[in-house]
Amino acid sequence: MDNIVAEALTAMPVERKDGTYALRIPLAQGQCTPGMMKTVMETMAKFSLTSVRVTTGQRLNLEGIPKDKVDEVIASLGTKVDKVPPTVGVCTGAGVCKYGVQDSRGMGKKLLEVIKANGPYPFKIKSGVSGCKMVCAFSNVRDIGLVGTPKGWDVLFGGGAARNVRAGVKIGTKLGDDEALALIEKALDFYKENGRKRERISGLVDRLGEEALLEATK
Ligand code: SF4
């Protein structure tokens, strides 16, 4: 480990029920380098922390930090952020996974750029890009979901796995990267124009109906 250079991280504090804090550490597509792990492990050893958790959002949560130590722990990790940047959940995808037929990681990067470039939105957006119909990135219950097929991407919009579970509406099928992203931009316009403040896309689709979404994106 001596030949590994520690890498600085960003961290957002979140208060827990018992008064301790967790530090939410964003990762690009859930990937963690040895340098990042070194920073986390050295910080845990220094402050006698015993728990780091991988989240469903492909981030790390460092848990059990006493309130009076939060600033010191953040300084040891790197920099404090007040809000974690948006991410896109991705599966392993083609090129690595033997079932993959589309490059979910490459497409995840492109989708993240589209989401960032078109905001702000009425509320948060969770996305998932899966390289095949096994849908390991939960694309069918995400606000924006992409599912790889041998002939291109199926595009789902308005799914959700929160209070009101709903599958995303299929707004496009067998599309190339650029076609799929252009369709998503159109769907995001529909959300921006019609969504109420703090209304998730699934709530909007429930309120206005799938036909309105399909009409706006055809
Ligand atoms: S969705 Fe398909 S390509 Fe992605 S990890 Fe699962 S099985 Fe592999």
Side-chain angles (χ1 to χ4, degrees), residues 7 9 24-37 40 52-62 84-118 121 123-188 191 200-203 205 210 213-214 217:
E7 288 178 47
L9 299 160
R24 191 164 291 167
I25 300 170
L27 302 172
Q29 300 194 337
Q31 307 227 71
C32 215
T33 64
M36 292 158 87
M37 289 307 297
V40 171
V52 64
R53 189 168 60 82
V54 179
T55 73
T56 52
Q58 301 183 332
R59 297 175 175 127
L60 289 180
N61 271 4
L62 201 49
V84 290
T87 54
V88 169
V90 295
C91 76
T92 315
V96 179
C97 176
K98 64 181 178 181
Y99 301 111
V101 289
Q102 295 291 338
D103 174 16
S104 51
R105 291 185 176 268
M107 190 57 164
K109 280 185 196 156
K110 292 182 188 177
L111 176 59
L112 184 58
E113 290 311 311
V114 166
I115 293 171
K116 282 186 188 166
N118 285 274
Y121 306 101
F123 202 20
K124 63 185 166 190
I125 293 178
K126 290 188 177 181
S127 310
V129 184
S130 303
C132 81
K133 290 194 172 184
M134 304 280 271
V135 195
C136 295
F138 307 113
S139 312
N140 43 6
V141 286
R142 294 290 186 241
D143 298 287
I144 303 170
L146 286 163
V147 180
T149 78
K151 292 186 175 172
W153 296 102
D154 285 355
V155 180
L156 307 172
F157 199 73
R163 204 172 307 159
N164 300 315
V165 179
R166 75 155 16 253
V169 181
K170 194 183 281 187
I171 59 173
T173 186
K174 297 174 191 160
L175 303 178
D177 287 15
D178 291 345
E179 280 177 299
L181 294 169
L183 182 62
I184 289 166
E185 279 194 56
K186 233 187 218 188
L188 287 172
Y191 180 40
R200 293 288 292 271
I201 297 173
S202 55
V205 175
E210 293 186 12
L213 170 63
L214 291 168
T217 53

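Atoms within each ligand, like the ligands themselves, are counted from 1 in listed order.
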Side chain to side chain donor-acceptor pair (under 3.5 Å) contacts touching residues 85-101 (sequence neighbours left out): none
Verify, without hydrogens or angle tests, whether Ser139 (side chain) and Val147 (backbone) share a donor-acceptor contact under 3.5 angstrom. no
Sort by chain and number the protein N/O/S atoms found under 2.8 Å from atom 8 (Fe) of ligand 1. Cys97 SG
Any side chain to side chain donor-acceptor pair (under 3.5 Å) involving residues 171-188? Give me the pairs, sequence neighbours left out, ordered by first then second residue. Lys110-Asp177, Trp153-Asp177, Asp154-Thr173
Backbone N/O of Val90 and side chain of Gln58: donor-acceptor pair under 3.5 Å: yes
Any donor-acceptor pair under 3.5 Å from Tyr121 side chain to Ile115 backbone: yes
Find all atoms of ligand 1 within a distance of less than 4.0 Å from any non-hydrogen atom belonging to Val135, and give their numbers and elements. 1 (S)
Salt bridge (Lys or Arg N to Asp or Glu O under 4.0 Å) pairs, two or more places apart, involving residues 134-146: Asp143-Arg200
